[in-house]
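The next block holds one structure in the form of structure tokens; read it before the comments.
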Amino acid sequence: MAQRLAEWAARAPEMEEDIALSNIALDQLGAARLLLSYAAEIEGAGRDEDALAFLRGDREFRNCLLVELPNGDFGHTMAKLLFLSAYQLPLYAALSNCPDARLAAIGAKARKESAYHLDHSRTWTVRLGDGTVESHRRMQAAVDAVWPYAAELFAADPAAPVDPATLRAEFDATVAAVLAEATLTRPDSGWVPTGGRQGVHTEHLSYLLAEMQVVHRAHPGARW
């Protein structure tokens, strides 16, 4: 998600939004670095966060499909950020209370940032949804397009530090309140794309990784 949000740098609708999206991208990147560093330590195979981020192929990534989708127009990006932050806020809140002290610290830090991300995306969703006829039409189209990908966020995993399935009720309540305020309609649940958690991705991830990894692969071990 950090890589996708960074694509908005110097392209956002207004200068303040350019800065806001860049800051949110940095928050997402910071949380990813902490988690990858910890994952590398637990793995104990001599890899570090850079190796996990830049030297894995697309089939080795276990991210949800929602974060690899192209940005689309601004409404699509806000819909993605709304659904992701409405999921991440209760996730990190629960993680901050888990027995693993390292994960609890990461969760406590990321929880505060997720609250800001949710508020930011909520503000824009309401502004566009309850705005002009055209902005309402485009925001509803964005919600309709992104909604099917939200279901994968809550695939049950009882072995995880926080079972994602336990977060669905809070997510639904949060999103329902935002959509109602924005005069938008929540799509019916139907087609539900999955596979990201098992390494089966959309074609978009390969292009995203190619751009994200090219410098590190071209100059292995470089530091700046």
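What you see below is based on every heavy atom in this structure, not just the backbone, and it leaves out hydrogens, waters and symmetry mates. By convention here, the first residue in the shown sequence is residue 1.
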Specify whether F54 and H216 have parallel, tilted or perpendicular ring planes, treating 30° as the upper limit for parallel and 60° as the lower limit for perpendicular. parallel
More than 12 heavy atoms of other residues, nucleotides or ligands under 6.0 Å from CZ of R138: is that the case? no
Do D100 and Y38 have side-chain atoms, one donor and one acceptor, less than 3.5 Å apart? yes
For the residue pair E181 and T125, establish whether any side-chain heavy-atom pair is separated by less than 4.5 Å. no
Would you say CZ of R33 has more than 12 non-hydrogen atoms from neighbouring residues, nucleotides or ligands within 6.0 angstrom? no
Geometric class of the F154/F171 ring pair [parallel <30°, tilted 30-60°, perpendicular >60°]: tilted
Under 3.5 Å, is there a donor-acceptor pair between the side chain of R62 and the main chain of R59? yes
Are V67 and L34 co-members of a hydrophobic cluster defined by side-chain heavy atoms under 4.5 Å apart? yes
Donor-acceptor contact below 3.5 Å, side chain Q28 vs main chain A25: no
Under 4.0 Å between a Lys/Arg side-chain N and an Asp/Glu carboxylate O for E113 and K109? yes
Without hydrogens or angle criteria, can the side chains of H201 and E68 be said to hold a donor-acceptor pair below 3.5 Å? yes
Examine distances only and state if a side-chain atom of D157 and a backbone atom of D163 form a donor-acceptor pair shorter than 3.5 Å. no
Could you grab the distance from atom OG1 of T123 to atom CG of D119, nearest 0.5 Å is fine? 4.5 Å
Under a 3.5 Å distance rule, please check whether Q140 uses its side chain to pair with a backbone N or O of T183 as donor and acceptor. no
Between D27 and H117, do the side chains contain a donor N or O and an acceptor N or O under 3.5 Å apart? yes
If you round to the nearest 0.5 Å, how far is CG of L55 from CZ of R217? 5.5 Å
Taking the side chain as everything from C-beta on, heavy atoms only, tell me whether R4 gets closer than 4.5 Å to H204. yes
Between the main-chain N or O of A93 and the side-chain N or O of S96, is there a donor-acceptor pair closer than 3.5 Å? yes
Please report the interatomic distance CG(D50) to CD(Q213), rounded to the nearest 0.5 Å. 11.0 Å
Against the six-membered ring of F61, is R56 placed for a cation-pi contact (under 6.0 Å from the centre, within 45° of the normal)? yes
Greater than 12 external heavy atoms within 6.0 Å of E60's CD: yes
For H136 and D130, indicate whether the former's side chain and the latter's backbone hold a donor-acceptor pair under 3.5 Å. no
Indicate whether the side chain of E152 and that of T194 have a donor and an acceptor atom separated by less than 3.5 Å. no
Quick one: pull up CG in L128 and CZ in R137 and give me the separation to the nearest 0.5 Å. 12.0 Å
Does the side chain of F74 come within less than 4.5 Å of W124's, by heavy atoms? yes
